[in-house]
Amino acid sequence: MSTIDEKSTNWIEKVYAMVRQIPRGKVTNYGTIADHIGVKATSRMVGWAMNASHAATPKVPAHRVVNRNGVLTGKHHFATPTLMQDLLEAEGIQIIDDKIVDFKKHFWQPS
DNA sequence: TCACTGACCGTGG
DNA sequence: ACCACGGCCAGTG
């Protein structure tokens, strides 16, 4: 705490940076992020990192990150269980049963 | 100090 | 096609 950190949890910051790079109206999944980071990090770690993303600056659009099934797995972790779906719908993404429609079409992947 | 869990994904039988 | 297991980091009890 105090002062901004250093090198520890460096891979976590990479996750934040990648999620912030996601354009509006697009979504990605944990595996792709972890894989692109190319470090010792798996999807589980990415999800855990996002758990602390609420303290990251600037805020990380975690609502654009879903699981491989295109399901809003982390919606329950938001301020409200419907906030994630509401944000995605606001970006033009249709969601049915907590699942993104045409997930592949809205899927975004880092270069 | 040790052990388990966590917003997951891929592979094997 | 379905079920079970391993992997990786950090935080909490």
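Below, chains carry the letters A, B, ... as their sequence lines are ordered, and counting in each starts from 1.
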Side-chain donor/acceptor contact of A:Arg44 with base of C:dG7 under 3.5 Å: yes
Pairwise P distance for C:dA1 and B:dC8, with rounding to whole Å: 23 Å
Polar side-chain contact A:Thr42-C:dC8 base: donor and acceptor under 3.5 Å: yes
Exam field: side chain A:Ser53 to backbone A:Val60, donor-acceptor pair closer than 3.5 Å: no
Spacing between A:His76 atom NE2 and B:dG6 atom C1', to the nearest angstrom: 15 Å
Residue A:Trp11, side-chain heavy atoms: nucleotide from B:dC9, B:dG6, C:dC9 that is nearest: C:dC9
Side-chain donor or acceptor of A:Asn67 paired with backbone N/O of A:Gly70 under 3.5 Å: yes
Sugar-phosphate, base or nothing in reach of A:Thr32, heavy atoms under 4.0 Å: nothing
Interatomic distance where NE2 belongs to A:His77 and P belongs to B:dC8 [whole Å]: 8 Å
Whole-Å distance separating the CD1 atom of A:Ile37 from the P atom of B:dC9: 14 Å
Sugar-phosphate only, base, or nothing, as touched by A:Asn67 at under 4.0 Å among non-hydrogen atoms: sugar-phosphate
Contact nearer the 5' end of DNA chain B, comparing A:Trp48 with A:Arg68: A:Trp48
Whole angstrom value for the distance that separates P of B:dT5 from CE of A:Met45: 13 Å
Between P of C:dA10 and CG of A:Asn10, the distance in whole Å: 10 Å
Nearest-Å distance for atom pair CD/P, residues A:Gln109 and B:dC9: 14 Å
Residues that A:Asp35 engages under salt bridge (Lys or Arg N to Asp or Glu O under 4.0 Å), provided they are two or more places apart: none
A:Ser43 vs A:Ile12, nearer the 5' end of DNA chain C by closest nucleotide: A:Ser43
Rounded distance in Å - CE (A:Met18) to C1' (B:dC8): 17 Å
Closest contact, heavy atoms only, A:Glu91 versus A:Gly25: OE1-N, 3.0 Å
For the student: nearest non-hydrogen atoms of A:Ala41 and A:Trp11, plus distance: CB-CE3, 3.7 Å
Separation of atom CZ in A:Phe103 from atom P in B:dC8, rounded to whole Å: 13 Å
